[in-house]
Structure formats: C-alpha cells, structure tokens
Amino acid sequence: MSHQSQSQSQHRPEGDDPAATPEQLREQVEHTREELGRTVEALAARTDVKARAEEKAAEIKERAAEQAAEIKERAAEQAVHLTGKLRETGARAAGLVTEMTPDPVLGTAARAAEQIRDGAARAGRMAAARTPAPLRDKAASAAAVARASRTPLLAAAALAAVLLICRGRRRA
C-alpha cells in the first residue's frame, strides 16, 4: 500500500468501506444525522440559559415546599407535645394551690368565682342584645377558649385570694 492510500484510509470514518453499497452509505448518513441531531440538541439545551434557570428555579421551589411541609409538621408535633406538658404543669399547679389554700379561702374564692360568672353572664346577655352578629361570633369563640382554660383561671384566682389574705394578715 502506498503512502497516499495509507493516509486516505486513516482519514475515513470508522466502518467506511470504499466498496460500500449505496444502501449502506445511506444508513451511515442517516446514523450520522441522528448523532448530529442529538449532539445539537444537547448543545442547545446547555446554552439555553433561560430554560436552565427555570428548571433550577422549579427544583428550588419544589425543595423549599418540601422543607416547609417538614417544618410545619415538626412544629405541629412540638405544639401538641408542649400543649400537653403545659396542661400537666397547670394541673399540678392548681392541685398545689388547692392543697395549700385554707378551706375558708377556697370558699371565698368559689363565691367570688360564682359572682364573677353571674356578672359575666348578665354582661354577656346585655352585650349580645346590643352587638352585631359577626362580633358575637368572635366573642363566642373567645368564650370557648376561656371555658377550656377554666382550671388555670380558677387556680390563679385562688392564688390571688391567698396572697391578698396573707398580705392582709401581715398588716394587721
């Protein structure tokens, strides 16, 4: 083989046969076109900065939404846990106040609480008669919260009564 025929064979694409049939040549051309098309698409995708930025933004948005959902779930779990602990602590405090408060003070606190309830009920009826419906609805939800917190409120009232009695005894 001469030097010229050697250099020609080195520059031919792989699988290029000088005796290839037209059909084989068409298949090679089609294959080369497909490869070139894929290469051009890949290069175009790499150079499309706007599309890449949108994809990245969508990924970040999705990740942020997932993290927010996780944080929300953990916060809800913590809230339930802390609410339970707070209720236990309030119940213990109420029990201690009740145990340490003399019976006459408890009786006075109970009467005072009854008077407060009666007065609040009268005020509530008067206010309900004069209050617009949307405002009444909000007040009803606030009252429900107060009813749910009755034990800590009574404990606080009993503690205040004990402190007032002790303060009065010191002055006398």
Side-chain angles (χ1 to χ4, degrees), residues 33-172:
R33 281 184 185 155
E34 288 174 5
E35 283 184 18
L36 182 59
R38 285 191 295 270
T39 303
V40 167
E41 285 177 7
L43 288 172
R46 287 184 184 169
T47 59
D48 189 359
V49 175
K50 183 179 177 183
R52 290 178 66 197
E54 288 173 351
E55 287 175 8
K56 190 68 172 174
E59 286 176 23
I60 291 170
K61 184 178 177 182
E62 185 178 327
R63 239 183 294 134
E66 289 172 358
Q67 289 175 347
E70 286 178 21
I71 290 169
K72 183 179 177 182
E73 184 177 326
R74 282 191 301 227
E77 289 171 359
Q78 278 287 65
V80 167
H81 175 71
L82 292 175
T83 300
K85 281 189 143 190
L86 186 60
R87 282 190 178 140
E88 288 174 12
T89 304
R92 271 186 273 151
L96 286 173
V97 168
T98 303
E99 286 175 17
M100 299 175 87
T101 305
D103 288 339
V105 174
L106 288 175
T108 302
R111 284 189 300 279
E114 183 65 31
Q115 289 174 351
I116 290 170
R117 276 195 295 273
D118 290 344
R122 275 194 307 274
R125 285 189 297 273
M126 287 175 60
R130 297 179 184 169
T131 305
L135 192 55
R136 271 189 301 220
D137 294 341
K138 287 184 181 181
S141 68
V145 170
R147 277 187 223 103
S149 305
R150 183 176 294 169
T151 301
L153 289 174
L154 288 175
L159 180 62
V162 168
L163 291 175
L164 289 173
I165 290 172
C166 290
R167 186 174 173 201
R169 286 185 183 169
R170 283 188 192 157
R171 288 187 182 175

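Counting begins at 1 with the first residue of the sequence.
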Worked verdict on Arg117 versus Glu114 for salt bridge (charged side-chain N to carboxylate O under 4.0 Å, His left out): CA-CA 5 Å; Arg117 276 195 295 273; Glu114 183 65 31; 2.9 Å; yes
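- Note that CD of Glu54 and NZ of Lys61 are 12.0 Å apart. Values are rounded to the nearest 0.5 Å.
- Salt bridge status for Arg74 with Glu77: absent, with no side-chain N to carboxylate O gap under 4.0 Å.
- Contact between Ala109 and Ala158 at its shortest, heavy atoms only, is CB-CA, 4.5 Å.
- Remark: Gln67 CD to Ile60 CD1 distance equals 10.5 Å, nearest 0.5 Å.
- Of the inter-residue distances, the one linking Leu36 atom CG with Glu41 atom CD reads 10.5 Å to the nearest 0.5 angstrom.
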